[in-house]
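Per chain, numbering begins at 1; letters A, B, ... match sequence-line order. Both backbone and side-chain heavy atoms feed into the values below; hydrogens, waters and symmetry mates do not.
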Amino acid sequence: MIVLALLATWQGAVAAGGVKPTVLPSPQRIVEQGWLARGIIWANTVPTLQETFLGFAVSLTLAWVLAVAIDFSPWLRRALMPLLVASQTIPIIAIAPLMIIWFGFGLMPKIMVIALVTFFPVTVGLIDGFNLTDRDAGNLLRSMGANRWKQFVYVRLPSALPSFFTALRIGIAYAVTGAIFAEYIGAREGLGIYMATMKNSFRTDLVLAAVAVTAFLSVGLFLLTYAAERLIIPWHSKERRNRHV
Amino acid sequence: MSETTAAAPRVEVRAITKSFELGHGQSRPVINKVDFSAQQGEFLAIIGPSGCGKSTLFNIMAGLEKPRDGEILVDGRPVTGEREHFAYMPQKDLLFPWRTILQNTALGLEVRGGSKKTARASAASLFPAFGLSGFENSHPFELSGGMRQRAALLRTVVQARDVLLLDEPFGALDSLTRTDMQAWLQDVWSHNSWTAVLITHDIREAIYLADRVVVLSPRPASVRLNLPIDLPRPRQLSMMASARFAHYELQLLETLHRPGNPVPDGIG
Ligand SMILES: Nc1ncnc2c1ncn2[C@@H]1O[C@H](COP(=O)(O)OP(=O)(O)OP(=O)(O)O)[C@@H](O)[C@H]1O
Ligand SMILES: [Mg+2]
């Protein structure tokens, strides 16, 4: 509803004011031109999606390995936490062009940028999730004779999953932005480089069409995480609903 | 049921002392030379003021904390720090939302190893006696408070350990449910030969359920009274109105509220 109202206002303002389409095209024009260019936009969407998935997969693997290792070793926590935080202070804007220089226009720099911007929220979400485990639950498991590994499998891991899915949602939103950004700096194909090219040829309408596609991608992936959550931890939403009754 | 029985008691707590290090060289004495014992099949209740160290005592018995001094014995054998003798029911029910009731109750057996199937079969066989039939595949949040406590108790007894440690199992229930649960527990109790130690704040609950009541002082906890309860079994709710019950109640109340000699903390 809100989106529709905004679009209508936009359309009306552009029509009434006679703004040049190279400055601000109307939504109608964006849709029309975007539709005409659908072939090329789609051809650029596929590589962006691939990069997002690959980069995010690398990031998730890294996050799980790190978080589990840190959960098992207080020593590792002390050693790695400062590094994790430091990794987040790296200005991506400055480092991304360097990555292109180091690794070329291929997949590698994109995966690295995506992993760099997403692995932190996911790792921290997981570590916090493990620590959210009820202390008494750990004691109960110990009284049953569980070693550290079994405590992890039976209690700490499931306790952490709700936090993990929250972190996953934050991460996936960053992942799409990260992919676009990395392509914008330099790539052979993808929505990011498409936007850059169209901007340089003053096709504002097509830039915005690509932005719209990006937004749809993000929302789609976001919804996908909810579906995954429902599938993997069905008890969580049920419990939450029950608590509010 | 007295200490003069020739056989070693099922469980004996001998001169247990514990204090927590608070850092900066400070320490907080929590338990001070606590002794008591329970025979096979005996039901022991422990009452004491809040924060006096009851849960800590259970943690020591269950092998989760190390005492500073003293020993725990099972059948006359020292078992301090060993984890396989006691089945622990903590103050919170700690039923996990990601497991069904059946999976929750079988947890102790599963953790110990062996097949999931036999673990779940043993747990399932107790469901009727615990009034949980039909709820095997429900999740904890679908159960009432009383049912959750029964499920937590089932998870405890199915482990078939030597001694049950029940930490305020009914503390969080409303008084009506609580009375129901006490009556129910005393009934399942009479059909089994469990040795149990129950922590409670409720004097009447202690008298109604136990063969013997141990009264602890405020922190650091020491034993103020070890009172045998000589009421016939099976216990009836109507006994709560008897003169003897009232006599025990008064005696325990007075002991519990007698001004004590709590040793102040390092931090004051
Ligand atoms: N790990 C710890 N470090 C320091 N102090 C502790 C620790 N665990 C417990 N205590 C202290 O020891 C005392 C006894 O705690 P405990 O939980 O055994 O009391 P309790 O008798 O079970 O109380 P309640 O009736 O409220 O359950 C409390 O004052 C508590 O603050
Ligand atoms: Mg306690």
Side-chain angles (χ1 to χ4, degrees), chain A residues 64 68 71-72 74 78 125-126 128-168 225-245, chain B residues 55-56 58-66 81-101 103-114 116 119 137-144 148 152 155-168:
Chain A
W64 274 94
V68 173
D71 189 55
F72 272 87
R78 255 170 287 140
L126 263 176
D128 282 355
F130 292 138
N131 287 329
L132 227 58
T133 310
D134 196 323
R135 231 185 80 98
D136 296 325
N139 273 344
L140 174 67
L141 265 284
R142 289 207 295 145
S143 84
M144 290 169 169
N147 56 22
R148 187 65 175 74
W149 173 248
K150 279 190 175 168
Q151 289 176 48
F152 179 80
V153 172
Y154 280 100
V155 193
R156 295 185 76 82
L157 180 60
S159 297
L161 287 179
S163 316
F164 168 68
F165 278 101
T166 306
L168 190 71
T225 64
Y226 276 104
E229 184 176 1
R230 282 266 175 83
L231 207 68
I232 296 171
I233 49 170
W235 49 269
H236 180 57
S237 52
K238 277 193 225 150
E239 192 202 18
R240 210 165 28 183
R241 228 177 302 138
N242 247 273
R243 230 185 288 140
H244 290 302
V245 172
Chain B
S55 296
T56 307
F58 268 19
N59 283 336
I60 292 171
M61 293 171 81
L64 303 175
E65 302 251 22
K66 277 203 187 89
E82 292 178 14
R83 298 214 179 123
E84 59 263 36
H85 305 281
F86 297 88
Y88 192 176
M89 177 172 171
Q91 239 164 321
K92 295 179 238 169
D93 63 50
L94 292 175
L95 297 168
F96 299 128
W98 52 86
R99 305 191 128 229
T100 64
I101 297 300
Q103 290 167 349
N104 264 293
T105 53
L107 184 66
L109 295 175
E110 271 183 43
V111 162
R112 204 194 292 177
K116 269 188 196 174
N137 297 317
S138 303
H139 282 266
F141 44 84
E142 296 167 311
L143 267 59
S144 69
R148 292 171 65 109
R155 178 187 60 197
T156 315
V157 304
V158 77
Q159 297 177 54
R161 304 280 178 99
D162 302 328
V163 180
L164 303 177
L165 301 177
L166 314 176
D167 194 346
E168 285 194 62

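- Taking the six-membered ring for Trp and the full ring otherwise, the centers of A:Trp235 and B:Phe96 sit at least 6.0 Å from each other.
- Annotation: side chain of A:His236 is not in contact with side chain of A:Leu161 (no heavy-atom distance under 4.5 Å).
- Using modelled atom types, no side-chain atom of B:Arg148 and backbone atom of B:Leu143 make a donor-acceptor pair closer than 3.5 Å.
- Contacts between B:Gln159 and chain A at a heavy-atom distance below 4.5 Å involve the side chain alone, from C-beta outward.
- For the residue pair B:Met89 and B:Ala152, the shortest heavy atom distance occurs at CE-CB, 3.9 Å.
- The residue among B:Arg112, B:Arg161, B:Glu142, B:His139 with the most heavy atom pairs within less than 4.5 Å of chain A is B:Arg161.
- Heavy-atom pairs under 4.5 Å with chain A were tallied for B:Pro97, B:Pro90, B:Gly108; the largest tally goes to B:Pro97.
- Side-chain N or O atoms of B:Asn104 include one that pairs as donor or acceptor with a backbone N or O of B:Arg99 at under 3.5 Å.
- Of the two parts of B:Glu110, the backbone and the side chain both hold a non-hydrogen atom closer than 4.5 Å to a non-hydrogen atom of chain A.
- Heavy atoms closer than 4.5 Å to chain B are found in both the backbone and the side chain of A:Asn139.
- The closest donor-acceptor contact from the side chain of A:Arg156 to the backbone of A:Asp71 lies at 3.5 Å or more, if one exists at all.
- Note on A:Pro158, A:Ser159, A:Gly145: by heavy-atom pairs under 4.5 Å with chain B, the leading option is A:Pro158.
- Within a 6.0 Å radius of CZ in A:Arg148, more than 12 heavy atoms belonging to other residues, nucleotides or ligands are found.
- Here B:Leu64 is the residue among B:Leu94, B:Leu64, B:Thr156 with the most heavy-atom pairs under 4.5 Å with chain A.
- With a threshold of 4.5 angstrom between heavy atoms, B:Leu165 does not approach chain A through any atom at all.
- Contacts of A:Val153 with chain B are absent, with no heavy-atom separation under 4.5 Å from either backbone or side chain.
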